[in-house]
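Take a look at the structure below.
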Number of protein chains: 2
Amino acid sequence: MELTDKMQAFVMHCGEMGSRWGFNRTIGQMYALLLISEEPLSANELSQTLHISRGNVSMGIKELNSWQLIATRHKPGDRKEYYQPAGSIWQMANRVFEQRRKREIDPTLSLLRDNLLEEPRDQQERYAQQRLLEIHDLLEMITEWASELQRLSPEKLSTLMKLGAGVSKILDFRDKLSPKDRTES
Amino acid sequence: MELTDKMQAFVMHCGEMGSRWGFNRTIGQMYALLLISEEPLSANELSQTLHISRGNVSMGIKELNSWQLIATRHKPGDRKEYYQPAGSIWQMANRVFEQRRKREIDPTLSLLRDNLLEEPRDQQERYAQQRLLEIHDLLEMITEWASELQRLSPEKLSTLMKLGAGVSKILDFRDKLSPKDRTES
DNA sequence: CTAAATGTTCATTATGTTCTGAAAATACCT
DNA sequence: AGGTATTTTCAGAACATAATGAACATTTAG
C-alpha cells in the first residue's frame, strides 16, 4: 500500500508518540495506519507498508486486540485476516482510558488500601499514612468519577464537556435553590 | 534514614509504577519518599536511603523540579539543600495532568491542526482527513474541558466529582426548564 | 494426505533508557 | 586568595525493551 506524504507523517508521528501512550512504536504506527485506511488491511500489507517484520506485526495485532482496539474481518474467497479499527473514536478513547487506568492507577489504589488497613506503629508511620490516605481518596474519587462519566452516552458527555466550567454555575444555582437538599459531602 | 517495611513497600511500588506515570524508577522512588517524610530530605539522605548514586539523585531532582513537584528548603547553619513535595496533593495531581497533557496530547493536536489546513488531494486523503478531524475534535474538546476544570477550586471540583453521573440529571432538569437556552451543540 | 498459504512463537540481535562514579563546576567560609 | 562542602554533568556500563527472522503450528484447497 502506498501512502501520501501527509499520511506518512501522521503514521510516523503516532509511532513516536506510541510509547508515551502506553504501547510501543510499531503498535502506534500500525494503529494509525488502520485508522486512516478506508479498507481493512492484512498483516502482510501492514508489514510491507510500515517496513516491519511479519513477526512484529503478529505481536502488535495481539496487543491491539488485548486493548480491544481492532476488529478482524474476512473477505470471501480469501483466507487472510484483515484488520480495522474497532468502533468509533469515542469508543477507542474510552478503551484507552480504561486500559491505562487499569495499569496506572488500580495497582496503586490496591496497595494503598492494603496499607491503610494496618495500624501505624509510630509517629513516622502515622504521618506517612496520613499522606497515603490523601492520595488514596483522591485517586478513588477520580476513578469513580471517570467510570461514571464513561457510562454516560457520548451525546450527554459531549454536552457536558462543551458546557465546560459552566457546570459550576449550575451547582451554585442548585445550592441557592435548595441548600438542604445538597449532595452528601 | 530508616524506613519501616510498609514505607519501603510504598516507595518501591512507586518506583515500579514510575515509568508508567511518565518518569522513571528512581524518580518515582524519590518522590514517594519525599511525600511520606515528615521532614524535608537532603540529596545525600535520598541517595543513602534509596541506595542510588549521588549523580542520579541530582538528575532526579532536576526532573522533579521541571515537573514543579518539589520545593527546595534550607536549614539555618546548613548549606545543604533539602527537598519536600510542593503544595497539596491536589496541586500535584494537577501538575502531573498538565505535564502529561503537554507531552502526550499537545504535539499530536498541533500535527493534526497543520494537517487539516491542507486540502486533500484524492479520495484516500479525503477519507484519512475525515478520521483525523474526528480525532482532532475529540482531543480538543477533552483538553479544553480539562483545563477549565483545573481552574475550578478543589472544593467545587470535589463537589462535582462526588455528584458523579448525577450531573446528567441536572442537565436534563435544565433542558426541561428552558429548552431554548440550551448550550449550542 | 500433501502442499501452499497464513499465522505464531521465541532465541537472538538491535535499540533505547537509566544508572554510576569520577571529574568539573559552584557556593560558601576563613 | 586557598580550602571544603555540595551539586552538576556526562561518558560509559548495566539494564530493559523492542524487532527480526527462521522454525514451528495451523488452516484449507485439491
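Every chain is numbered from 1, with letters handed out A, B, ... down the list of sequences. Everything numeric here is computed off the predicted structure, so don't read it as measured data.
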Nucleotide-resolved protein contact map, nucleotides 16-30 of chain D, B/S/- at heavy-atom distance under 4.0 Å: --SSBB-----BB--
Rounded to the Å, how far apart are [X] [atom1] and [N] [atom2]?
{"X": "E81(B)", "N": "dT26(C)", "atom1": "CD", "atom2": "P", "answer": "15 Å"}
{"X": "E16(A)", "N": "dT15(C)", "atom1": "CD", "atom2": "C1'", "answer": "15 Å"}
{"X": "D78(B)", "N": "dT4(D)", "atom1": "CG", "atom2": "P", "answer": "18 Å"}
{"X": "K80(B)", "N": "dC29(C)", "atom1": "NZ", "atom2": "P", "answer": "14 Å"}
{"X": "R73(B)", "N": "dT7(D)", "atom1": "CZ", "atom2": "P", "answer": "16 Å"}
{"X": "Y82(B)", "N": "dT7(D)", "atom1": "OH", "atom2": "P", "answer": "9 Å"}
{"X": "E63(B)", "N": "dC19(C)", "atom1": "CD", "atom2": "C1'", "answer": "15 Å"}
{"X": "K75(B)", "N": "dC28(C)", "atom1": "NZ", "atom2": "C1'", "answer": "19 Å"}

Working for salt bridge (Lys or Arg N to Asp or Glu O under 4.0 Å), residues R131(B) and E134(B): CA-CA 5 Å; R131(B) 292 279 80 69; E134(B) 288 175 33; 2.2 Å; yes
Divergence of helical axes at both termini of the helix from dC1(C)-dG30(D) to dT30(C)-dA1(D) - five pairs an end, 10° steps: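 Computed angle between terminal axes is 10°.
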Side chain to side chain donor-acceptor pair (under 3.5 Å) partners for D78(A), two or more places apart: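 Checked D78(A) against side chain to side chain donor-acceptor pair (under 3.5 Å); matches are Y82(A).
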Partners meeting side chain to side chain donor-acceptor pair (under 3.5 Å) with N94(A) (sequence neighbours left out):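 For N94(A), the residues satisfying side chain to side chain donor-acceptor pair (under 3.5 Å) (neighbours in sequence not counted) are Q150(A).
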Any K62(A) side-chain nitrogen or oxygen under 4.0 Å from OP1 or OP2 of dT9(C):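 Indeed, a polar side-chain atom of K62(A) lies that close.
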Distance in Å, L69(A) CG paired with Q99(A) CD, rounded so as to fall on 0.5 Å steps: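 Taking CG in L69(A) and CD in Q99(A), the distance rounds to 7.5 Å.
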CG on L112(B) to CD1 on I105(B), rounded to 0.5 Å: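 Taking CD1 in I105(B) and CG in L112(B), the distance rounds to 11.0 Å.
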Considering only distance and modelled atom types, tabulate donor-acceptor pairs under 3.5 Å from the side chains of residues 7-18 of chain A, sequence neighbours left out.
from, atom 1, to, atom 2, distance (Å)
H13(A), NE2, T108(B), OG1, 2.9

Derivation of the salt bridge (Lys or Arg N to Asp or Glu O under 4.0 Å) call for R100(A) and E104(B): CA-CA 13 Å; R100(A) 292 187 72 174; E104(B) 299 175 1; 3.4 Å; yes
Near-ring test W67(A)/F23(A), centroid separation under 6.0 angstrom: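 Aromatic pair counts; centres sit under 6.0 Å.
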Counterpart residues, salt bridge (charged side-chain N to carboxylate O under 4.0 Å, His left out), relative to E81(A) (two or more places apart):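 Listed in chain order: nothing, the list is empty.
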